[in-house]
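A quick write-up on the structure given underneath.
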Amino acid sequence: MKMLERIMLENKAWVQEKLSANPDYLNYLAQNRSPDILWIGCSDSRLHADEITHCEPGEILVHRNIGNQVVSTDLSLMGALEYAVDVLNVKHIIVCGHYRCRSIKAALDRPNPSLPFADKWLKNIKDIYRLHRQQIENFDSLDERWKMLVEVNIKEQVINLSNNPIIQKSWRRGKKPDLHGLVYGLNDGLIREVCSMTPYSALDPIYEYNLDCLTA
Ligand SMILES: [Zn+2]
């Protein structure tokens with residue numbers, strides 16, 4: 001059976017399965033949802049936020065990109081972030097990376113001239129490597145360096161969120177969200193906390209927006 005045929009058939013099977021368990025399931029999903037969580041995850045095909053957290057569709061607003069990055073020129077993410085914070089008033093934003101992330105491993109390697117766009121995107125992670133070079137190169141093995149870069153990348157992406165004007169505006173108004181950096185273990189299926197920030201976390205002044213300009 002061809003892949004597309006399989007997907008179409010499995011979709012019908014999914015509908016039947018859900019309706020047989022709960023005839024109102026699709027009506028329930030069709031209602032407006034107001035998720036409390038924005039999840040920024042890696043595009044990796046093995047990682048699905050809803051599935052690994054046993055959440056129903058509608059509970060988590062998900063944005064995924066290669067290497068779970070928060071890049072201020074990424075209009076897709078910035079649009080989702082703005083909507084999540086300013087309209088949905090999400091209470092939590094999660095940056096979830098994962099061990100054995102191939103995009104992080106690619107960033108540890110030399111650029112690949114045959115993949116210029118992927119390389120351009122991964123350059124952000126190379127910059128994080130350079131920033132944390134000493135800590136990463138304390139480890140001799142590639143696996144340990146890979147693991148460490150996964151973790152520092154998550155921390156840096158949470159910091160990127162805290163440096164974003166959408167987040168800072170919300171915090172200055174006395175609102176959420178809390179920011180969480182999580183890492184998922186492909187081998188054991190478990191999520192672990194790497195870091196967190198709240199509206200009361202200290203910001204590096206060099207990244208702190210002028211209050212008066214923001215709230216005007
Ligand atoms: Zn990944």
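For clarity, every value in this text was computed on a predicted model and none was experimentally measured. Indexing begins at 1, ligand by ligand and atom by atom, following the structure's order.
Counted by atom type alone, N160 and E156 present zero donor-acceptor pairs between their side chains at under 3.5 Å.
For the atom pair CD1 of I206 and CG of D204, the computed distance is 6.0 Å after rounding to the nearest 0.5 Å. One distance of note links CG of L182 with CD1 of I94; it measures 5.0 Å at 0.5 Å rounding.
Legend: residues meeting side chain to side chain contact (heavy atoms under 4.5 Å, CB included) with N89, ordered by chain and number and at least two apart, are K175. Checked against side chain to side chain contact (heavy atoms under 4.5 Å, CB included), N138 has no partners two or more places apart in sequence or in another chain.
Applying the under-4.5 Å side-chain rule to Ile, Leu, Val, Met, Phe, Trp and Tyr, the cluster around L26 extends to W14, V15, L19, Y25, Y28, L29.
Excluding waters, the set of protein N, O or S atoms lying under 2.8 Å from the Zn ion (ligand 1) comprises C42 SG, H98 NE2, C101 SG.
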